[in-house]
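Residue numbers start from 1 in every chain, and the chains themselves are labelled A, B, ... in the order their sequence lines are given, proteins ahead of strands.
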2 protein chains.
Amino acid sequence: MSAVAPPHILVVDDEPQIHRFLGPALEAAGYAPMRAATMAEGLRLAAERSPALVLLDLGLPDGDGKLAIPKLRRFTDAPVVVLSARDQEAEKVASLDAGADDYVEKPFALGELLARIRAALRRAGAASRSPTETVIRAGALEVDLGRRTARVEGREPLKLTPREWDLLAALVRGGEGRVVTQRQLLTAVWGPAHVEDAQYLRVYVGHLRQKLGPAAGLIRTEPGVGYRFGAE
Amino acid sequence: MSAVAPPHILVVDDEPQIHRFLGPALEAAGYAPMRAATMAEGLRLAAERSPALVLLDLGLPDGDGKLAIPKLRRFTDAPVVVLSARDQEAEKVASLDAGADDYVEKPFALGELLARIRAALRRAGAASRSPTETVIRAGALEVDLGRRTARVEGREPLKLTPREWDLLAALVRGGEGRVVTQRQLLTAVWGPAHVEDAQYLRVYVGHLRQKLGPAAGLIRTEPGVGYRFGAE
DNA sequence: CCGCGTCTTTACGCCGCCTTTATGCGGGCG
DNA sequence: CGCCCGCATAAAGGCGGCGTAAAGACGCGG
């Protein structure tokens with residue numbers, strides 16, 4: 001009586017035996033697995049089929065899997081669970097700070113992996129189930145967090161670079177009229193490793209204000225603290 | 001000092017050395033740790049202080065920590081990271097399925113734990129915005145501690161510098177009609193190193209009273225002691 | 001392999017905030 | 001009555017943060 005389609009899980013790994021092992025196991029657990037052997041293929045599949053969760057190997061033939069995480073994050077909020085044979089602490093920290101939700105070492109116990117998948121889906125589901133309108137308006141500006149677009153006075157969507165968009169989104173998510181600290185912004189856009197680089201903020205806030213044009217006043221500086229989004 | 005309160009992290013563990021180790025480490029990482037040694041105390045603290053995240057040991061003197069997770073979930077959505085010496089797969093599965101967000105085995109690497117804390121806070125923070133009602137009114141003045149704004153007679157928010165705001169916030173947080181000593185104010189705004197510089201207070205109280213205009217009388221001098229916030 | 005866009009980094013002027021000093025005022029106390 | 005301490009206010013100077021520009025590094029796509 002599956003009234004709801006089983007959640008898709010994208011498995012990105014270049015070892016065939018992993019797919020042979022995980023594929024049936026995931027199916028038995030009630031998921032619909034999709035397989036990819038390279039980073040490029042994984043990103044393409046993730047973009048086309050929007051899986052509910054991504055299992056990601058770090059050692060891929062076409063590059064370090066960590067680099068895939070920020071790219072995934074550009075178009076999906078699906079939780080990413082890193083599966084890797086690398087057990088160095090630095091790898092785990094780097095992966096988690098890159099945006100991964102969990103890190104499981106190979107070889108892994110299947111039961112634990114499934115439990116971690118359930119936990120990640122539970123946490124992500126609670127977040128995405130928000131019926132809150134993802135379109136936020138303030139003054140002449142209209143930001144669609146789901147669609148990753150922003151328009152001023154109903155004109156064409158602004159052409160924003162990834163960093164510019166992330167910064168605007170972080171400000172908007174803070175809530176209208178609420179201060180978002182420099183720390184928070186730097187963590188959200190550049191990651192916890194760059195909490196000190198306040199200059200990034202000045203540069204990119206400048207870019208944003210320029211592109212916002214008439215709506216530039218919506219980003220207000222709170223000297224020594226951070227920035228505030230909203231009219232008035 | 002800190003314009004925005006650091007996230008509180010509740011550490012529930014009965015081993016004192018864990019607190020001795022984690023307390024300073026969490027502080028250094030920019031969090032405000034709270035400690036509890038039993039499940040009952042942990043639940044009480046979590047209810048009273050609503051921490052941003054809970055670090056939970058499984059082996060507590062007054063019961064299995066797993067039982068605490070559903071109870072926590074009744075009044076908070078804060079992520080729960082289980083810290084345990086038990087490495088059996090069944091324990092991990094049970095904890096995660098009980099509602100935990102992550103499971104870290106003791107002994108753990110501090111860097112990894114901090115990274116997992118960041119990941120959990122990141123995922124949880126995207127969803128829940130703590131709508132802490134923090135508006136305090138007194139006479140013609142209205143201070144919103146969460147929004148970091150202050151208005152007089154419903155007019156435009158006052159334009160306050162960081163020091164001015166910190167000082168006003170420290171006064172308001174003291175409670176209406178309560179004296180806040182010079183020591184307390186200096187510590188809160190300028191840090192413990194400037195406990196002697198009472199002149200700072202005179203200068204900045206002056207600035208504040210000037211900007212408050214009609215509400216200037218709300219800051220009353222208590223000669224030789226400190227200042228008092230409130231009407232009458 | 002090359003060109004282009006984006007990100008990072010550096011440099012610089014400027015404004016505003018913080019700190020510090022000076023001065024006046026008022027009350028307590030000898 | 002005069003002294004002194006604490007409070008209030010004004011003003012000056014240094015300095016750091018902010019905004020802007022621009023160049024080099026980097027990665028991506030053709």
List the atom pairs, donor and acceptor, that lie under 3.5 Å between side-chain atoms in residues 46-63 of chain A and the rest of the protein, sequence neighbours left out.
unit_1: A:Glu48; atom_1: OE2; unit_2: A:Arg44; atom_2: NH1; d: 3.4
unit_1: A:Asp57; atom_1: OD1; unit_2: A:Lys106; atom_2: NZ; d: 3.4
unit_1: A:Asp62; atom_1: OD1; unit_2: A:Met39; atom_2: N; d: 2.9
unit_1: A:Asp62; atom_1: OD2; unit_2: A:Met39; atom_2: N; d: 3.2
unit_1: A:Asp62; atom_1: OD2; unit_2: A:Ala40; atom_2: N; d: 3.0

Checklist outcome for this item: Heavy-atom closest pair (A:Arg35 atom, A:Pro16 atom, distance to 0.1 Å) is NH2-CA, 4.5 Å
Checklist entry - To the nearest Å, how far apart are B:Tyr200 OH and D:dA8 C1'? => result 17 Å
Checklist entry - Could you state the CG-C1' distance from B:Leu160 to C:dC17, rounded to the nearest angstrom? => result 13 Å
Item to check | Nucleotide C:dT9, atom C1' - distance to CD of A:Glu196 in whole Å | outcome: 16 Å
Next on the checklist: Heavy atoms from C-beta onward define the side chain here; which of C:dT6, C:dT19, C:dC17 lies closest to that of A:Lys159?
Outcome noted: C:dT6
Item to check | Greater than 12 external heavy atoms within 6.0 Å of A:Gln210's CD | outcome: no
Item to check | Nucleotide C:dC7, atom C1' - distance to CG of A:Asp166 in whole Å | outcome: 13 Å
Item to check | Where B:Leu160 and B:Leu208 come nearest, the two heavy atoms and their spacing | outcome: CD2-CD2, 4.0 Å
Next on the checklist: My understanding is that only residues two or more places apart in sequence, or in another chain, count here; which of them pass side-chain hydrogen bond (donor to acceptor under 3.5 Å, both in side chains) with B:Glu222?
Outcome noted: B:Arg228
Checklist entry - What does the inter-axis angle of the helix from C:dC1-D:dG30 to C:dG30-D:dC1 come out as, five pairs per end, nearest 10 degrees? => result 30°
Checklist outcome for this item: Tightest non-hydrogen contact, residues B:Asp197 and B:Leu186, listed as O-CD2, 3.3 Å
Checklist entry - Quick one: does A:Arg148's side chain have a donor or acceptor within less than 3.5 Å of a partner on A:Ala169's backbone? => result no
Item to check | Under-4.0 Å side-chain N/O to phosphate OP1/OP2 contact, A:Trp190 with C:dC7 | outcome: no
Identify every side-chain donor-acceptor pair in residues 19-26 of chain B under 3.5 Å, counting partners at least two apart or on other chains, and give the distances.
unit_1: B:His19; atom_1: NE2; unit_2: B:Asp13; atom_2: O; d: 2.8
unit_1: B:His19; atom_1: NE2; unit_2: B:Ala36; atom_2: O; d: 3.4

Checklist entry - Along nucleotides 15-30 of chain D, 5' to 3', which nucleotides get a B, which get an S, and which get a -, given that the test is a protein heavy-atom distance under 4.0 Å? => result --SBBBB------S--
Next on the checklist: According to salt bridge (charged side-chain N to carboxylate O under 4.0 Å, His left out), does anything in residues 202-218 of chain B pair up with another residue at least two apart or in another chain? List the pairs.
Outcome noted: B:Glu164-B:Lys211
Checklist entry - Starting at CG of B:Leu208 and ending at C1' of D:dA8, how long is that distance when rounded to a whole Å? => result 14 Å
Next on the checklist: In whole Å, I'd like the distance from the NE2 atom of A:His194 to the P atom of C:dC7.
Outcome noted: 13 Å
